[in-house]
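Order of listing sets the numbers, starting from 1, for every ligand and every atom in it.
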Amino acid sequence: MYSDKVIEHFMTPQNAGTMPDAQAEGMVGDPSCGDCLVVYLKVEDGRIRDISYLVFGCAGAIATSSMTSVLAKGRTLDEAMAITEEDVISALDGLPPEKVHCSLLGVGALRAAIADYREKYPVNEGETYENSHTG
Ligand code: FES
């Protein structure tokens, strides 16, 4: 039912845990199943220097949260914002159809965390995150 990649990320989730000194966080819950994910970020020179998360959910939610964090780490905020559910699913070598919605959690919480960061640390006109904030 699950690909080897999904099982690998479910058994040994990458970047899991809280981040007491996070600069930003984003939370998403899926009302259809009650699962929930919080993503924490640290940003330096406009790039995601550190990312972690707490996830309450199924194997698919855990694996997609883990893979989302792997895909986002080291990316610029714009690049991370552009990560899609399809990117996460394809990096996991697919998800069973009834588990596709689990991937929405990771991408949704990542985007919410980036939005939270941008709200807390707005750039000045003419600047970009890459040249304005060092975290
Ligand atoms: Fe809801 Fe997986 S069953 S996130």
Would you say D35's side chain and C58's backbone share a donor-acceptor pair under 3.5 angstrom?
-> yes

R111 bridged to D78 by N-O distance under 4.0 Å | no

Does the side chain of M19 reach to within under 4.5 Å of the side chain of K42, using non-hydrogen atoms?
-> yes

Can E25 and V39 be said to form a side chain to side chain contact (heavy atoms under 4.5 Å, CB included), step by step?
-> CA-CA 5 Å; E25 64 181 68; V39 165; over 6 Å; no

Taking only residues two or more places apart in sequence, or in another chain, which ones meet S69 in a side-chain hydrogen bond (donor to acceptor under 3.5 Å, both in side chains)?
->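 With sequence neighbours excluded, S69 shows a side-chain hydrogen bond (donor to acceptor under 3.5 Å, both in side chains) to N15, given in chain and number order.
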
Greater than 12 external heavy atoms within 6.0 Å of D21's CG |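 Counting neighbours around CG of D21, more than 12 heavy atoms of other residues, nucleotides or ligands fall under 6.0 Å, so yes.
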
Heteroatoms of the protein, restricted to N/O/S, which lie under 2.8 Å from atom 1 (Fe) of ligand 1 = C33 SG, H101 NE2

